[in-house]
Amino acid sequence: MRCLINPLAIRRPMPPANRGIGAGLAGTLRKTALWAAASWALIMAAGNPAYAQVISSADFCDGSVRKVDSTFVSVTSGDVFTYVGGVVSIFIDGSSVYDLDALGSVTAKPSEDGKVFEFRTDGPAEIRCTPSATAPSSGAGNSAAQASITVQAGVTQTAISTNLAGRFGGAGISVGPSNIVVSTRGLDNAIAQLGEPDLNAWIAVDARRFSGASTGNSRNLTLGFDHLVSPDLVIGGFAGVNDQTVTEGGLTTDTLAPLYGVYAAHRYRENLYLSGYVGIGQPRYTTGAITFTAQRRVLGLSLMGDYQTGNLRLSPTTTILASQEVMPPSSGAADTLHNLQAKFGLRAQPAQRLANGMLPYASLAIEYREQGSDLAGIDRFVQPRLGLGFDWALAAGSLRADLDYGAVNSGTNDLGVSVIYDFKF
């Protein structure tokens, strides 16, 4: 006997007509709305300062050591956050961006200007924030480093050129920062038939004062020696140090910058020669409790000469000085400073000394500068440098004194006084 079942006769359960579809959809929409609201609240709490007590950069970044733990700071581009102790992570908009304890320091980028840095820690932690305007490695605003680079490069070039002018019999004198230069050149010149000595040693001293956006002073000492390879070729070496104190924005930076290098000069005719030098050094900077050492490289080239027109002798000079300084992460951010100087100068003096043996002179140079860094960009400007002085012939040599005034950057001027004494013994 077979039992036939009609499949159409089997009734499947059906959802309630007025309860399942409407209630299910409403529940889904309600859950979705609650989830979206909660997610938006979390995002806003992490990225919007209104959901946390935010400290302004002006109040937080004063160079002092601060304890942090879920601390929110509204930063300014160039602010430098330096690790002191503990485990510190920096979050932006709820996302981890920097491990400060691993990096050592972080500098706020231009794209992060106005952003909120959240400092999260794993236990007690401390950091230091240096404001952007006065941070040791704030690029074009780094007046201490740029002043040191500018002065040391210029002083070295002027000292070398002043010495070479005597070695080559009085070609043009460089128009640049003042120096006290004492040279053993002429040791045998008292005996004319012996001519210029093969070996020569010299010492140069420079003093300078800054005013304007930065204030302070700079002291420089350079020692040099050279060998007269031929009547038209000189090769030598030098060692110098720049000791400087600069104050800007209430913060003082002390600089001690040694520099070592070699130089050479070739005379092309009686009144024209080309000289150049290269130097390397490791300047040390101290701003408050922050101390670090950078790597400095300097290159200088100068074309000098003189000619006479009537009763006036003119000495034109063209000089190019290029410097690069690599800043370590401990300075606030790994950065590279750049400094390019192009000088076009002219010195004018009477063709003959006055009856009392004095030779007055005046000098003018136009200096084009490019200063800045990879992080902060480049600042370009043109400034004149003026100089007045005299050269006085003495029994044992000559005494030179002058006063010059110019600028080391677009906001800071410098004034220097020099006494240069070349003597024979």
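What's counted below: heavy atoms across the whole structure, side chains too, no hydrogens, waters or symmetry copies. Along the sequence shown, the residues carry numbers beginning at 1.
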Around [X], counting heavy atoms of other residues, nucleotides and ligands shown, do more than 12 lie under 6.0 Å from its [atom1]?
X	atom1	answer
Asn356	CG	yes
Ile280	CD1	no
Gln295	CD	yes
Arg219	CZ	yes
Asp232	CG	yes

Got a donor-acceptor contact below 3.5 angstrom from the [X] side chain to the [Y] backbone?
X	Y	answer
Arg66	Phe60	yes
Asp414	Ala407	yes
Gln352	Leu354	no
Gln244	Ala144	yes
Thr287	Ile290	no
Thr76	Asp79	no
Ser214	Thr412	no
Gln157	Thr319	no

State, yes or no, whether a side-chain contact exists between [X] and [Y] at a heavy-atom distance under 4.5 Å.
X	Y	answer
Arg297	Val326	yes
Ile160	Trp202	yes
Lys343	Thr317	no
Val262	Ile235	no
Leu103	Tyr83	no
Leu359	Pro350	yes
Tyr263	Leu164	yes
Phe72	Gln53	no

Between [X] and [Y], which heavy-atom pair has the shortest distance, and what is it?
X	Y	answer
Tyr273	Arg267	CB-CA, 3.6 Å
Gly372	Ile378	CA-CD1, 4.0 Å
Ala145	Met327	CB-CE, 3.8 Å
Ser74	Gly114	OG-O, 3.9 Å
Phe91	Gly94	CD2-O, 3.6 Å

Using the test side chain to side chain contact (heavy atoms under 4.5 Å, CB included), find all partners of Ser70 that sit at least two apart in sequence or belong to another chain. none
Determine whether the side chains of [X] and [Y] contain a donor N or O and an acceptor N or O closer than 3.5 Å.
X	Y	answer
Thr150	Asn409	no
Ser218	Asn220	yes
Asn339	Gln146	yes
Gln349	Arg313	no
Thr247	Thr215	no
Ser148	Arg296	yes

CA sep, side-chain torsions, deciding dist, call: Ile366, Val382, side chain to side chain contact (heavy atoms under 4.5 Å, CB included): CA-CA 7 Å; Ile366 301 300; Val382 177; 3.6 Å; yes
Measure the acute angle between the ring planes of Phe119 and Phe81, then classify it against the limits of 30° and 60° as parallel, tilted or perpendicular. tilted
Applying side chain to side chain contact (heavy atoms under 4.5 Å, CB included) to Leu364 and Leu386, what does each step give before you reach the verdict? CA-CA 5 Å; Leu364 170 65; Leu386 304 173; 3.2 Å; yes
Taking only Lys NZ, Arg NE, NH1 and NH2, and the carboxylate oxygens of Asp or Glu, determine whether Asp206 and Arg208 approach each other closer than 4.0 Å. yes
Could you check whether Asp93 pairs with Lys115 (Lys NZ or Arg NE/NH1/NH2 to Asp/Glu carboxylate O, under 4.0 Å)? yes
Show the numbers, then the answer: is there a side-chain hydrogen bond (donor to acceptor under 3.5 Å, both in side chains) between Ser211 and Asn413? CA-CA 5 Å; Ser211 61; Asn413 299 320; 4.6 Å; no
Which is it for Val151 and Phe210 under the side chain to side chain contact (heavy atoms under 4.5 Å, CB included) test, yes or no, and what are the steps along the way? CA-CA 11 Å; Val151 169; Phe210 305 121; 4.0 Å; yes
Residues Tyr368, Glu370; criterion side chain to side chain contact (heavy atoms under 4.5 Å, CB included); working and verdict: CA-CA 7 Å; Tyr368 170 77; Glu370 291 187 0; 2.5 Å; yes
Sole residue of Thr286, Thr255, Asp254 in side chain to side chain donor-acceptor pair (under 3.5 Å) with Thr245: Asp254
